[in-house]
Amino acid sequence: MSPQPIDGAQLLNKVESFHRRFNAFPSEGAYVAVALWDAHAHLLDAFDSTPRLAFLSPEPGSGKSRALEIVETLVPHPMVAVNASAAALFRAVSGTDGRPTILFDEIDTVFGPKAGENEELRGFLNAGHRRSGVTYRCVGDGSAQSVVAFPSYCAVAMAGLGSLPDTILTRSVIIRMRRRAPNERVEPYRQRIHEKQGHALRDQLARWAESVRKEVEGVWPEMPDGVTDRPADVWEPLLAVADAAGGDWPRRARAACLELVAAAKEDDKASLGIRLLTDLRDAVFQGADRMPTAVILDILNKMEDAPWGDIGGKPLTSRALSRMLGEYVTAANRPIKPRGIRTASGTPRGYYADDLADAWTRYCPPLPEAATSATSATPQVSGGADVADTPPVADASRNDTSGSTPLPLPA
């Protein structure tokens with residue numbers, strides 16, 4: 001007699017409820033995402049990629065390790081790693097005892113400020129995000145060594161203080177944990193009692209995964225509007241699981257996707273270059289068509305919530321500004337460089353908005369609609385301190401500044 005089919009939606013409800021008993025996650029979307037991640041670990045070979053799950057917090061005592069402990073009871077072949085080397089991990093993943101689900105607690109001891117770069121482990125975690133990911137190593141003695149490709153593809157959940165390298169964050173579903181408020185209650189976790197309950201759910205997840213494997217393989221779930229590129233890679237497996245489960249899970253999964261992707265964007269510590277481009281657009285130019293370097297530096301270095309006043313122990317300089325902007329190109333595919341700007345006091349070097357516009361479009365977050373309207377109505381130089389309003393340059397893309405209205409230098 002064949003076993004009764006498992007209702008995927010009801011099973012995911014039970015998995016979510018199990019987490020709610022012991023974990024105080026920061027949002028509804030976090031509970032949805034973690035339950036889907038638990039289930040996706042049982043269907044790994046049905047997907048082209050596997051998202052990393054990252055429980056992060058600024059302070060200890062925020063429930064990260066407990067979250068990882070509950071995940072451990074629900075996923076296949078859990079391997080708890082603390083300070084595990086990259087060599088140990090890729091040998092475990094390529095071993096014959098079944099591919100583990102790696103649970104990496106105290107990940108801040110690996111990638112924290114005092115831990116060094118750990119490029120080998122970072123490379124392993126990045127490569128293992130993709131089904132085709134492998135790690136190459138030399139095997140053998142002396143001249144008899146040969147290059148061997150070790151498979152790296154596996155599910156990884158992490159918990160730690162602070163943040164992670166950008167290359168790992170962009171491959172992760174990020175749950176920003178926080179200490180429980182006085183009115184937040186969770187049930188104490190007793191391993192001898194509750195581990196068996198988690199394992200019972202784990203076994204049901206494994207059975208359900210086998211029953212829907214063919215349904216999930218090769219499926220490309222519909223993504224919410226605006227979720228593309230790397231965020232889509234991260235969420236596709238989770239949405240595929242939700243669609244296979246049915247019930248209210250497809251809707252809840254997409255709501256969670258939008259919530260957590262938006263939170264990751266807001267929390268993204270973008271590169272210093274992108275921060276510079278964004279500050280130039282929003283705080284310096286503000287619709288102006290050109291700006292002398294002296295004015296740019298004056299504004300940037302006075303911004304209290306920005307890093308420009310203390311770059312390596314000193315304020316941002318014109319040379320550093322030129323070097324950083326030179327990494328980006330204009331719409332004509334030429335490096336962004338300072339050019340002469342005619343002012344009432346001479347022709348100092350500065351930058352044109354036309355040269356920066358393409359980089360602003362490609363790298364900076366969109367302007368709010370109100371700011372966009374205000375910008376489009378302000379074609380002249382008006383955003384810089386001590387820079388008088390002047391008519392726009394007839395052709396700002398030319399190096400020749402003759403005919404442009406002089407601009408006064410800052411006092």
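- Using a cutoff of 4.0 Å between basic side-chain nitrogens and carboxylate oxygens, Glu217 and Lys214 are not scored as salt-bridged.
- A heavy-atom distance below 4.5 Å is found between the side chains of Leu356 and Leu325.
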Original post:
Do Tyr328 and Trp360 pass the ring pair (Phe, Tyr, Trp, His ring centres under 6.0 Å) test, and can you show the C-alpha distance, the side-chain angles, and the key distance before you say yes or no?
Top reply: CA-CA 10 Å; Tyr328 303 91; Trp360 284 338; over 10 Å; no
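- Using modelled atom types, no side-chain atom of Arg207 and backbone atom of Asp203 make a donor-acceptor pair closer than 3.5 Å.
- Salt-bridge formation is detected for the pair Glu28/Arg20: a Lys NZ or Arg NE/NH1/NH2 atom is positioned less than 4.0 Å from an Asp or Glu carboxylate oxygen.
- In this structure, the side chains of Met177 and Pro26 come closer than 4.5 Å at one or more pairs of heavy atoms.
- Between Lys64 and Glu59, no side-chain nitrogen of the basic residue sits less than 4.0 Å from a carboxylate oxygen of the acidic one, so the salt-bridge criterion is not met.
- Ion pairing of Arg251 with Asp243 is absent here, as no side-chain N (NZ or NE/NH1/NH2) approaches a carboxylate O to less than 4.0 Å.
- For the pair Arg130 and Tyr153, the cation-pi criterion (under 6.0 Å, within 45° of the ring axis) is not fulfilled.
- Between the side chain of Glu184 and the main chain of Ala181, a donor-acceptor pair closer than 3.5 Å is present.
- For Asn301 (side chain) and Leu316 (main-chain N/O), a donor-acceptor pair under 3.5 Å exists by modelled atom type.
- Taking 4.0 Å as the cut-off between side-chain N and carboxylate O, Asp358 and Arg362 count as a salt-bridged pair.
- Residues Glu236 and Phe47 form no side-chain contact, since every pair of their non-hydrogen atoms from C-beta on lies 4.5 Å or further apart.
- Here the side chain of Ser57 pairs no donor or acceptor atom with the backbone of Arg178 at under 3.5 angstrom.
- Taking 4.5 Å as the limit, some side-chain heavy atom of Phe285 sits within range of a side-chain heavy atom of Ile296.
- For the side-chain hydrogen bond (donor to acceptor under 3.5 Å, both in side chains) with Asp45, the qualifying choice from Arg213, Arg131, Arg99 is Arg99, the only one to do so.
- Proximity of Cys257 to Leu238: side-chain heavy atoms (C-beta onward) are nowhere separated by under 4.5 Å.
- Using cut-offs of 30° and 60° on the angle between ring planes, the pair Phe22 and Tyr189 is perpendicular.
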**OP:** Could you walk me through whether Arg21 and Val186 pass side chain to side chain contact (heavy atoms under 4.5 Å, CB included), step by step?
**Re:** CA-CA 6 Å; Arg21 290 172 60 187; Val186 295; over 6 Å; no
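- With a 4.5 Å cut-off on side-chain heavy atoms, Arg52 and Val173 do not count as touching.
- In this structure, Val110 and Phe104 have side chains that are in contact, with non-hydrogen atoms separated by less than 4.5 Å.
- The closest donor-acceptor contact from the side chain of Trp249 to the backbone of Ala9 lies under 3.5 Å.
- Under 4.0 Å is where a charged nitrogen must lie from a carboxylate oxygen, and between Asp298 and Lys302 at least one such pair does.
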